[in-house]
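Below is one structure, written out as structure tokens; comments come after it.
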Number of protein chains: 2
Amino acid sequence: MADKKSDLLQGTLDMLILKTVALGPIHGYGISLRIQQISEEVLQVQQGSLYPALHRLEHRGWLTSQWGESDNGRMAKFYQLTPLGETQLKAESENWTRLSNAVSLIMALEGGSK
Amino acid sequence: MADKKSDLLQGTLDMLILKTVALGPIHGYGISLRIQQISEEVLQVQQGSLYPALHRLEHRGWLTSQWGESDNGRMAKFYQLTPLGETQLKAESENWTRLSNAVSLIMALEGGSK
DNA sequence: TACATATAAATAGCGGGACGATGTGTAGAT
DNA sequence: ATCTACACATCGTCCCGCTATTTATATGTA
């Protein structure tokens, strides 16, 4: 209610996933752990956000998947980036830089109160 | 379709409005112009996003408004920040810094494609 | 043995919010 | 007379992240 801080910046999840997968094939659960670790526990990807997002990205042709075995011998679905996905990642990355810089321009202005 | 780049980073609109109003009383239409100008035409606030957001913020007690006369002698609703709004702006601003830095951590990683 | 925790995937339902489309009205410029 | 800019507003849609829940296996521990 009122202020409900999200664990993510809305709209960045797809990009974060693509970027993480771009580092090398990895399964879904691993993606969420990696994002959390690299962001120093700031970003947290809920499973209810993660899996729908993965299906979305696969459905759009940015990712492909195949079942394999994880480190501890469990079945897991491994994702990897398609060429299309690479293009998309680049586009989203540039868009992020553009927009976040623009936001910073506003937020850096002097004059809080009065 | 497929890629539909937004004019904003989702979730930042409230903060941008609060920040813009914090610079001094200003009317709605003026807010959208200011954000556009300061961001060097990168950020564009659609009217269909702007006015609902203003009402939302006012309803939450972060802004107050009163009718007045704009520069060119037209009627316009001028908004100003409440103390509560100031607190909120500060909170959202800090959250933005925290999250956007975290996103940058991920995006700055080496290794795009193998 | 039983239980808890971590790993791993998935879906359903909800709610917020940004957008496009549309509507109203005035003032100034061509 | 018409077009553009100014100024406010609402409606419907769609996207997407969250909570909650389910299913299942492996490891560790009491």
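Every chain is numbered from 1, with letters handed out A, B, ... down the list of sequences. Everything numeric in this text was worked out from a predicted model, so none of it was measured.
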d(CE, Met15(B); C1', dG17(C)) in whole Å: 15 Å
Nearest-angstrom distance from the residue atom CG of Leu9(B) to P of dC16(D): 14 Å
Distance in angstrom units between His59(A) NE2 and dC15(D) P, rounded: 12 Å
Contact pattern, 5' to 3', of nucleotides 25-30 of chain C - B, S or - by protein heavy atom under 4.0 Å: BBS---
side-chain contact (heavy atoms from CB on, under 4.5 Å) partners of Glu94(B), counting only residues at least two apart: Lys90(B)
Closest contact, heavy atoms only, Lys19(A) versus Leu109(B): NZ-O, 3.1 Å
Residue pairs passing the ring-ring contact (aromatic ring centres under 6.0 Å, His included) test where at least one lies in residues 35-55 of chain A, sequence neighbours excluded: none
Residue-phosphate contact under 4.0 Å: Ser70(B) side-chain N/O, dA7(D) OP1/OP2: yes
side-chain contact (heavy atoms from CB on, under 4.5 Å) partners of Ser39(B), counting only residues at least two apart: Ala102(A), Ile106(A), Val42(B), Leu43(B)
Minimum heavy-atom distance Gly61(A)-Thr82(A), with the two atoms named: O-OG1, 2.6 Å
Short side-chain to backbone donor-acceptor contact, Asn95(B) and Ala91(B), under 3.5 Å: no
Rounded interatomic separation in angstrom, taking CD from Glu92(A) and C1' from dC16(D): 13 Å
Length of the NZ-P vector between Lys77(B) and dC6(D), whole Å: 20 Å
side-chain contact (heavy atoms from CB on, under 4.5 Å) against Ala53(B), all qualifying residues, sequence neighbours excluded: Leu13(B), Asp14(B), Ile17(B), Arg56(B)
d(CG, Leu8(A); P, dG16(C)) in whole Å: 18 Å
Whole-Å gap separating P (dA7(D)) and OH (Tyr79(B)): 13 Å
Leu57(A) CG to dG17(D) C1', straight-line distance once rounded to whole Å: 13 Å
Check: Leu89(B) and Met107(A) side chains under 4.5 Å, non-hydrogen atoms: yes
Whether Ser49(B) side chain and Val45(B) backbone form a donor-acceptor pair below 3.5 Å: no
Of residues 27-56 of chain B, the positions that come close to DNA chain D - non-hydrogen atoms, cut-off under 4.0 Å: His27(B), Gly28(B), Tyr29(B), Gln47(B), Gly48(B), Tyr51(B), Pro52(B), His55(B)
